[in-house]
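Shown next, in structure tokens, is the structure this report addresses.
Only heavy atoms go into these numbers, but all of them, side chains included; no hydrogens, no water, no symmetry mates. One-based numbering, in listed order, for ligands and for the atoms of each.
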Amino acid sequence: MYTQGLDQAGKNDAGNKDQETAEQLAAFQARIDAEEKIEAKDWMPEAYRRTLVRQISQHAHSEIIGMQPEGNWLTRAPSLKRKAILLAKVQDEAGHGLYLYSAAETLGVSRDQMVADLLSGKAKYSSIFNYPTLSWADIGAIGWLVDGAAIMNQIPLCRCSYGPYARAMVRVCKEESFHQRQGFEIMLTLCRGTGEQKAMAQDALNRFWWPSLMMFGPNDSNSTHSAQSMAWKIKRFSNDELRQKFVDITVRQADFLGLNVPDDKLTFNEETGHYEFSEIDWQEFFDVIAGNGPCNSQRMAKRRNAHEDGAWVREAARAYADKRAAQAAA
Ligand code: BYC
């Protein structure tokens, strides 16, 4: 499975943009417009392939780095039950990452290359994971808001034009849905608890609200990839459309919890049926994705160490594969 994309690059010159003809591009777009799924061995424009490698690998990196803020609370979860649930959630995120690396590999990029791009800082991962988890309520806020935002963004990806990515998203979304509910349930428990617990939940909402809205990416007017990705049906909704859907749903959930969304200008517009909210601090967003958020260097240092610590596992797996290959050849 992993070598399909590599095979394909040689067969149809997908790696050589100059050889793409107008007919090929038109036929490809016609397939997209007809809602056909593009599969790993199909002809595709090089820019489509590169866009998918960028997005899917960054998505995978987000899942892997995203284990850190929650992993921070595994040893401090308030009960054995909470610990078991959190452990299962964090393991799910690892699974999503591996699933997504596999989907990206079908496009002819190796996992080693993707990991190297993450570790060198060339490839991005979601801005949200560069914020610290200071209290147990942050674990509730991550499940509720971060997984909630992730589902909003990922449900449409189940209909992405690239088959392997779309299919991977189906399972990922089911698990994210469980994650969102466990987060909301933590928040609900805290909000029905003591005054101190409710204040902890409010503080977590205050710190995670704006970074969660930033997860959807820059405003449509500043989104470099959206127009092309929507034409290719990789993205089905724009960044702003998904952000608005998220706000509309989540503000009502905050009301149910009895928490205040930290936005003085938040108002419900009866005519449009949508909440209007303040301008996002885009300077903060661009600082974070440039590597200057509160935890960027900590997250990357931990990831680099984990990668180095795992070198012996990769060596052992390679040695075993070589042994099996030699046995098969003999
Ligand atoms: N953070 O043209 P745009 C999870 C970058 S993990 C960082 O709008 P696009 C979970 C963007 O990459 C779920 N960078 O881009 C895990 C581009 O830069 P490059 C993560 C961002 O791709 C553990 C530039 O800004 N979800 O659920 O059309 C625990 C211009 O943006 C961000 C995914 O990865 C950001 N927030 O749209 C708990 C979903 N936003 O690449 C939970 C898959 C934008 O040119 N990805 N940038 O250097 C997508 O849907 C799209 O890639 C995005 C951005 C909507 C994120």
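Residues Trp209 and Phe277 are not in side-chain contact: their nearest non-hydrogen atoms beyond the backbone lie 4.5 Å or more apart.
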Q | Intermediate values then yes/no, salt bridge (charged side-chain N to carboxylate O under 4.0 Å, His left out), Asp147 and Lys89 | A | CA-CA 11 Å; Asp147 287 279; Lys89 179 191 190 296; 2.9 Å; yes
Q) Could you go step by step and tell me if Tyr162 and Thr106 meet the side chain to side chain donor-acceptor pair (under 3.5 Å) rule? A) CA-CA 10 Å; Tyr162 187 57; Thr106 65; 2.6 Å; yes
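Nearest non-hydrogen protein atom to atom 42 (C) of ligand 1 is Asp147 OD1, 3.5 Å. Scanning all protein heavy atoms for the shortest distance to atom 47 (N) of ligand 1 gives Phe285 CZ, 4.1 Å. Nearest to atom 41 (O) of ligand 1 among the protein's heavy atoms is Arg54 NH1, 2.9 Å. Residue, atom and distance of the protein heavy atom nearest to atom 45 (O) of ligand 1 are His225 NE2, 2.6 Å. Atom 27 (O) of ligand 1 has its closest protein heavy atom at Ala150 CB, 3.1 Å. The nearest heavy-atom contact from the protein to atom 39 (C) of ligand 1 is Asn153 OD1, 3.1 Å. What sits closest to atom 19 (P) of ligand 1 on the protein, heavy atoms only, is Lys124 NZ, 3.5 Å. For atom 49 (C) of ligand 1, the closest heavy atom belonging to the protein is Gln55 NE2, 3.5 Å.
Taking only non-hydrogen atoms, the option from Ser126, Ser62, Gly148 nearest to atom 6 (S) of ligand 1 is Ser62.
Contact annotation: for Leu242 versus ligand 1, there are no heavy atoms closer than 4.0 Å. At a 4.0 Å heavy-atom cut-off, ligand 1 does not touch Ile128 at all. With a 4.0 Å cut-off on non-hydrogen atoms, Tyr125 touches ligand 1 through its backbone and not its side chain. Contacts between Ile289 and ligand 1 below 4.0 angstrom, taking non-hydrogen atoms only, involve the side chain exclusively. Only the backbone of Met214 comes within 4.0 Å of ligand 1, judged by heavy-atom distances. By the criterion of a heavy-atom distance under 4.0 Å, the side chain of Pro218, and not its backbone, is placed next to ligand 1.
The side-chain hydrogen bond (donor to acceptor under 3.5 Å, both in side chains) with His179 is formed by just one residue from the set Gln182, Glu175, Glu176, Arg181; it is Glu176. Each of His61, Glu63, His59 was scored for a side-chain hydrogen bond (donor to acceptor under 3.5 Å, both in side chains) with Tyr101, with one residue passing: His61.
Residue-to-ligand polar distances keep Glu70 apart from ligand 1: every N/O pair is separated by 3.5 Å or more. Taking distance alone, with nitrogen or oxygen atoms compared against 3.5 Å, Asn222 stays at or beyond that limit from ligand 1. Residue Met215 has at least one N or O atom closer than 3.5 Å to an N or O atom of ligand 1. At under 3.5 Å, a nitrogen or oxygen of Ser127, whether backbone or side chain, sits near a nitrogen or oxygen of ligand 1. Considering backbone and side-chain N/O of Lys89, none are found under 3.5 Å from N/O of ligand 1. At under 3.5 Å, a nitrogen or oxygen of Ser223, whether backbone or side chain, sits near a nitrogen or oxygen of ligand 1. Checked against a 3.5 angstrom limit, the closest N/O atoms of Lys235 and ligand 1 fall inside it.
Side-chain polar atoms of Asn219 and Asp240 form a donor-acceptor pair below 3.5 angstrom. Between the side chains of Asp33 and Gln29, at least one donor-acceptor pair of N or O atoms lies under 3.5 Å. Under the 3.5 Å distance criterion, with hydrogens and angles disregarded, a donor-acceptor pair is assigned to the side chains of Gln202 and Asn206.
Classified by interplanar angle (parallel below 30°, tilted 30° to 60°, perpendicular above 60°), the ring pair Phe246/Phe216 is tilted. Between Trp282 and Phe286, the two ring planes are tilted [angle within 30° to 60°].
Distance check on atom 53 (C) of ligand 1: every protein heavy atom falls at or beyond the 4.0 Å cut-off.
Numbered from 1 in the order shown, with element, the atoms of ligand 1 that lie under 4.0 Å from a heavy atom of Gln58 read 12 (O), 41 (O). Distances below 4.0 Å separate heavy atoms of Gly217 from the following atoms of ligand 1: 40 (N), 44 (C). The Thr224 neighbourhood of ligand 1 comprises atoms 2 (O), 30 (C), with distances under 4.0 Å to a heavy atom of that residue. Each of the atoms 13 (C), 26 (N), 27 (O) of ligand 1 lies under 4.0 Å from some heavy atom of Gln154. Of all atoms in ligand 1, numbered sequentially from 1 with element shown, those under 4.0 Å from a heavy atom of Phe216 are 55 (C). In summary, the atoms of ligand 1 found under 4.0 Å from a heavy atom of Gly66, numbered by their order in the structure, are 23 (C), 29 (C).
Shown here for Trp144 and Gln253, the closest heavy-atom pair between the two residues is NE1-OE1, 2.8 Å. For the residue pair Met300 and Ile65, the shortest heavy atom distance occurs at SD-CD1, 4.3 Å.
Arg82 has a carboxylate O that lies under 4.0 Å from a charged side-chain N of Glu185, or vice versa, which qualifies the two as a salt bridge.
Going from atom CG of Leu205 over to atom CG of Asn260 covers 8.0 Å, rounded to the nearest 0.5 Å. Between the CD1 atom in Ile32 and the CZ atom in Phe28 there is a gap of 4.0 Å [rounded to 0.5 Å].
Under a cutoff of 6.0 Å and an axis angle of 45°, Lys245 and Phe237 form a cation-pi pair.
Heavy-atom distances between Tyr165 and ligand 1 reach below 4.0 Å in at least one pair.
Proximity of a side-chain donor or acceptor of Arg314 to a complementary backbone N or O of His307 within less than 3.5 Å is detected.
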